[in-house]
Amino acid sequence: MWWVITVVAAVVAVATYVTWLAARVDRLHARATAAYATLDAHLVRRAAAAVALAEAAQLPTLMYAAKIALDAQPDDREVAENDLTRHLRNGFGGAAVPPADVEESLVQVSRRVALARQVHNDVVRDALAVRRRRMVRLFRLARKHPVPAYFDVDDPSLP
């Protein structure tokens, strides 16, 4: 009789652990999706601020890079954002100096992009670590979620 109670207790313990682990996998993937949405919103704000800066400073190459970043498809997004970051770091190159409020807005948005990118990559690291666990792979707990990916771009901090 004791072995039946032991087996039932073991099954209940394993079922509880697997349920908890499935909920954790779901939460981490939801956090990764939310972090990507936040990062995307900040990238769009930065590109819009770069367009405003390019118009104020009359920089056609910066405006072109910002519009490409705004229109980029998900597969080309990292390349477009790296190009925009490179143009923003190059400065104004003898062009008209933009208003201080436009430049300050771009600096603030760039800092937020850097923070959002760091948060996103941290959440993706955690989600990928959970996906590699033996129980998650054995019971295929992450099968309904797409594999999250890091967003690797240059640090958008400005000089």
Side-chain angles (χ1 to χ4, degrees), residues 20-159:
W20 173 81
L21 193 57
R24 180 171 166 80
V25 168
D26 290 342
R27 281 193 313 270
L28 281 172
H29 283 84
R31 284 180 57 202
T33 302
Y36 182 77
T38 301
L39 176 62
D40 184 49
H42 286 299
L43 289 171
V44 168
R45 286 188 194 114
R46 182 178 75 146
V51 167
L53 178 73
E55 288 176 352
Q58 299 173 351
L59 295 168
T61 58
L62 178 61
M63 184 177 297
Y64 181 70
K67 288 188 178 186
I68 287 176
L70 280 172
D71 298 334
Q73 297 298 319
D75 296 337
D76 301 328
R77 189 74 185 263
E78 290 178 7
V79 174
E81 293 297 335
N82 279 330
D83 189 43
L84 177 59
T85 300
R86 203 169 19 261
H87 278 86
L88 288 171
R89 280 194 188 142
N90 287 340
F92 305 116
V97 178
D101 60 337
V102 173
E103 188 174 1
E104 181 64 29
S105 171
L106 183 63
V107 169
Q108 288 176 356
V109 171
S110 292
R111 288 180 184 150
R112 288 183 184 137
V113 166
L115 181 63
R117 182 183 62 84
Q118 181 65 40
V119 168
H120 174 264
N121 287 341
D122 288 347
V123 171
V124 167
R125 182 195 62 227
D126 294 343
L128 291 175
V130 167
R131 289 178 76 96
R132 283 191 291 269
R133 290 180 126 179
R134 182 172 291 147
M135 292 290 277
V136 173
R137 288 182 291 142
L138 180 67
F139 290 109
R140 298 177 37 187
L141 299 176
R143 69 180 176 269
K144 66 180 179 180
H145 302 289
V147 178
Y150 293 107
F151 195 84
D152 295 322
V153 294
D154 291 338
D155 189 18
S157 60
L158 300 174

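Looking at every heavy atom in both residues, Val25 comes nearest to Leu141 through CG1-O, 3.9 Å. Here the closest heavy-atom approach between residue Leu28 and residue Val123 is recorded as O-CG1, 3.9 Å. Of all heavy-atom pairs spanning Asp26 and His145, the tightest one is OD1-NE2, 2.6 Å. Summarising the geometry of Asn82 relative to Val153, their closest heavy-atom pair is OD1-CA, 3.2 Å, with the distance given to 0.1 Å. Contact record, Val51 with Met63: O-CE, 4.3 Å, taken as the closest heavy-atom pair. When all heavy atoms are compared, the tightest approach of Arg137 to Arg132 is NE-O, 3.1 Å.
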Fill in: Worked check of side-chain contact (heavy atoms from CB on, under 4.5 Å) between Ile68 and Leu84
CA-CA 8 Å; Ile68 287 176; Leu84 177 59; over 6 Å; no
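Once rounded to the nearest 0.5 Å, the distance linking CG of Asn90 with OG1 of Thr61 reads 8.0 Å. Note: His87 NE2 to Leu62 CG = 7.0 Å, rounded to the nearest 0.5 Å. Between atom CG of residue Leu39 and atom CZ of residue Arg77 there is a gap of 7.5 Å, rounded to the nearest 0.5 Å. One finds the CD atom of Glu78 at 10.5 Å from the CG atom of Asp154 (value rounded to the nearest 0.5 Å). Atoms NE2 and CZ, on His42 and Arg117 in that order, are 13.5 Å from each other to the nearest 0.5 Å. Phe151 CZ to Leu43 CG: the interatomic distance, rounded to the nearest 0.5 Å, is 5.0 Å.
More than 12 heavy atoms of other residues, nucleotides or ligands lie within 6.0 Å of CZ in Arg131, so this atom counts as buried by the packing criterion. Counting non-hydrogen atoms of neighbouring residues, nucleotides and ligands closer than 6.0 angstrom, the OH atom of Tyr36 exceeds 12 such neighbours.
The shortest distance between side-chain heavy atoms of Leu106 and Leu88 falls below 4.5 Å. When side chains are defined from C-beta on, Asp122 counts as touching Gln118, because their heavy atoms get closer than 4.5 Å. With contacts defined as side-chain heavy-atom distances shorter than 4.5 Å, the pair His29/Lys144 does not qualify.
When atom types are taken as modelled, the side chain of His120 and the backbone of Ala116 share no donor-acceptor pair closer than 3.5 angstrom.
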